[in-house]
Number of protein chains: 2
Amino acid sequence: MYSIQDVSKKTGLSAHTLRFYEKEGLLTHVERSPGGFRQYTDEDLEALGLICCLKNTGMSLQEITRFVALTHEGEQTLKERVELLRKHRENMIARMAEMQKYLDKVTWKVNFFSEKLRAYEEKKQKGEG
Amino acid sequence: MYSIQDVSKKTGLSAHTLRFYEKEGLLTHVERSPGGFRQYTDEDLEALGLICCLKNTGMSLQEITRFVALTHEGEQTLKERVELLRKHRENMIARMAEMQKYLDKVTWKVNFFSEKLRAYEEKKQKGEG
DNA sequence: TATTGACTTAGAGTAAACTTTAAGGATTAA
DNA sequence: TTAATCCTTAAAGTTTACTCTAAGTCAATA
C-alpha cells in the first residue's frame, strides 16, 4: 500500500495530478484507509504505468479515459480495446518513422553548420596570424 | 514566388499561422509585392521546412525564434547555433529511445490482449455450440 | 499532543500554440 | 470589372493538461 506521496515520488506525477486523474476517470477505484486516505496498490501502479506510457506517446487523456472505461466493462470490450491499442501502436510507429526522418535532417544540418564553423574559425585564425 | 495561400497548401500551416510566425520572428523578412502582398521564395520554404522540423520534434517556438535570431546575427553565432542543434539532436535521440521502450510495452500489451480476446472468442464459440 | 499530511469541493490561473473575429480597406487575376 | 484574395491591428477565444488556492475538517505519526 502506498500513500499519495509515495506514488507521486514513484511516478513523477504530483499528488494534485493523481487526484485530477482519478476525478477524470483515468485511474479509478483507488482504495481508502479507514480514515479516507488513498491507498494505492501495486496494481494501481501498473495501471499508472500504462497510463503514462499512452500519455507520453501522444494519446490524449480523453482517449485514455475511454480505454480505462472499456476495461471496466469487461471481456466483451476486449475487441475494441485491442483495436484501440493496435491503432495507437500504428500511430507510434508512424511517428517514430517521422522522427527518424527529422533526425536525419537535423544531423545533416549539424554537419553542415559544423563545417561552416570550422571554415569560419580557420579564417579567423588566418586573419589573426 | 508563392502567395500566402500557396505556402499554406505546401506546408499545411494556415495563412493565419504564417502571419503569426512572422510576427513572432520565426520567419522574417518575407518579401512583398508592390501592393504589399507577401511573396514567399523557395528559400522561405526551406526555412519553413527547418522550422517545422524543429517544431515537430519538440522545440518550442521561443527556442526556434532564438535560433532564427542567431542566424540573422551572422557567422559569429555559428558556434552557438551548432551547439543548439547538437543539443536538440541529443534530445531527439533520447526521445526516440524512450519511444522505442514504450513501443515494446504497447506491443506486449497488444499481444496480451489479443490472446485474451482469442480465448474469449473461443469460450463464446463453445458456449454457443 | 503537536505536527505533518490527507481529505473535500469548487473554481481560478497558467502555458503554449494557435485560431478566430472584427472592421475596413487595398490588390490581383480572370 | 468583379470576385477572390490579401492587408492591417488588436484583442478575445480555444484546447489540453495540468497547477494552485481557499477554507475547513480529519487522520496519522512521533
Side-chain angles (χ1 to χ4, degrees), chain A residues 1-41 44-45 47-69 88 91 95 102, chain B residues 1-41 44-45 47-69 88 91 95 102:
Chain A
M1 293 298 190
Y2 311 97
S3 75
I4 199 162
Q5 277 310 324
D6 294 337
V7 177
S8 174
K9 272 166 205 154
K10 274 178 197 285
T11 61
L13 301 167
S14 74
H16 277 303
T17 299
L18 286 167
R19 291 193 201 100
F20 169 73
Y21 278 7
E22 201 176 317
K23 199 179 69 182
E24 298 288 299
L26 275 101
L27 183 68
T28 52
H29 310 304
V30 177
E31 281 182 50
R32 298 300 182 107
S33 73
F37 284 24
R38 285 174 184 78
Q39 292 186 311
Y40 294 85
T41 63
D44 290 329
L45 283 182
L48 274 173
L50 183 56
I51 288 166
C52 290
C53 166
L54 296 176
K55 189 195 66 168
N56 292 335
T57 52
M59 193 183 282
S60 71
L61 297 193
Q62 199 178 85
E63 286 173 295
I64 301 173
T65 299
R66 166 98 182 118
F67 180 79
V68 170
H88 184 62
N91 290 344
R95 177 78 180 119
Y102 283 135
Chain B
M1 294 298 191
Y2 311 98
S3 75
I4 199 164
Q5 276 311 323
D6 293 338
V7 177
S8 175
K9 272 166 205 156
K10 274 177 197 289
T11 61
L13 302 167
S14 74
H16 277 302
T17 300
L18 287 167
R19 289 193 203 101
F20 170 73
Y21 279 6
E22 200 175 318
K23 199 178 69 185
E24 298 289 298
L26 274 101
L27 182 69
T28 51
H29 309 305
V30 177
E31 282 181 50
R32 299 301 181 108
S33 72
F37 284 25
R38 286 174 183 79
Q39 292 186 311
Y40 294 85
T41 63
D44 291 329
L45 283 182
L48 273 173
L50 182 57
I51 288 166
C52 289
C53 167
L54 296 175
K55 189 195 66 170
N56 293 334
T57 52
M59 192 182 283
S60 70
L61 297 193
Q62 198 177 86
E63 284 173 296
I64 301 172
T65 300
R66 166 97 182 116
F67 180 81
V68 169
H88 184 61
N91 290 345
R95 176 76 180 122
Y102 283 135

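Only a predicted model underlies this, so the values are computations on that prediction, with no experimental measurement involved. Residue numbers start from 1 in every chain, and the chains themselves are labelled A, B, ... in the order their sequence lines are given, proteins ahead of strands.
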Notebook entry, point to check: Nearest-Å distance, CD (A/E22) to C1' (D/dC18)?
Noted result: 16 Å
Checklist line | Atom pair distance, as rounded to whole Å: CD in A/E24 and P in D/dT15 | finding: 15 Å
Checklist line | Minimal non-hydrogen separation, A/V68 against A/L26, with atom names | finding: CG2-O, 3.3 Å
Check: Between D/dA10 and B/K23, is there an OP1 or OP2 to side-chain N/O distance shorter than 4.0 Å?
Finding: no
Margin query: Tell me the interatomic distance from B/F20, atom CZ, to D/dA12, atom P, rounded to whole angstroms.
Written below: 17 Å
Next item on the list: Tell me whether the OP1 or OP2 atom of D/dA17 has a side-chain N or O from A/T17 closer than 4.0 Å.
Entry: no
Check: Cut-off 3.5 Å, side chains only: do B/E63 and B/S60 have a donor facing an acceptor?
Finding: yes
Margin query: Output the rounded distance in Å from CZ (B/R38) to C1' (D/dC6).
Written below: 9 Å
Note to self: Quick check on C/dC18: is either OP1 or OP2 less than 4.0 Å from any side-chain nitrogen or oxygen of B/Y21?
What the structure shows: yes
Next item on the list: Send over the distance from A/M1 CE to D/dA28 C1', rounded to a whole Å.
Entry: 16 Å
Notebook entry, point to check: Considering heavy-atom distances to DNA chain C, does A/D6 or B/Q62 have its closest nucleotide positioned more toward the 5' end?
Noted result: A/D6
Margin query: Looking at A/R32, I'd like to know whether one of its side-chain N or O atoms comes within less than 4.0 Å of OP1 or OP2 on C/dT8.
Written below: yes
Margin query: Taking only side-chain N and O atoms of B/S33, does any of them lie within less than 4.0 angstrom of OP1 or OP2 on C/dT28?
Written below: yes
Note to self: Classify A/Q5 by what it touches in the nucleic acid, base, sugar-phosphate, or nothing, heavy-atom distance under 4.0 Å.
What the structure shows: sugar-phosphate
Check: Do A/Y102 and B/N56 have a side chain donor and acceptor closer than 3.5 Å?
Finding: yes
Note to self: I want to confirm an ordering. Mapping A/S3 and B/M59 to their closest nucleotides on DNA chain C, which one lands closer to the 5' end?
What the structure shows: A/S3
Note to self: Using only atom types and a distance under 3.5 Å, with no angle test, would you say the side chain of B/S8 pairs donor to acceptor with the backbone of B/I4?
What the structure shows: no
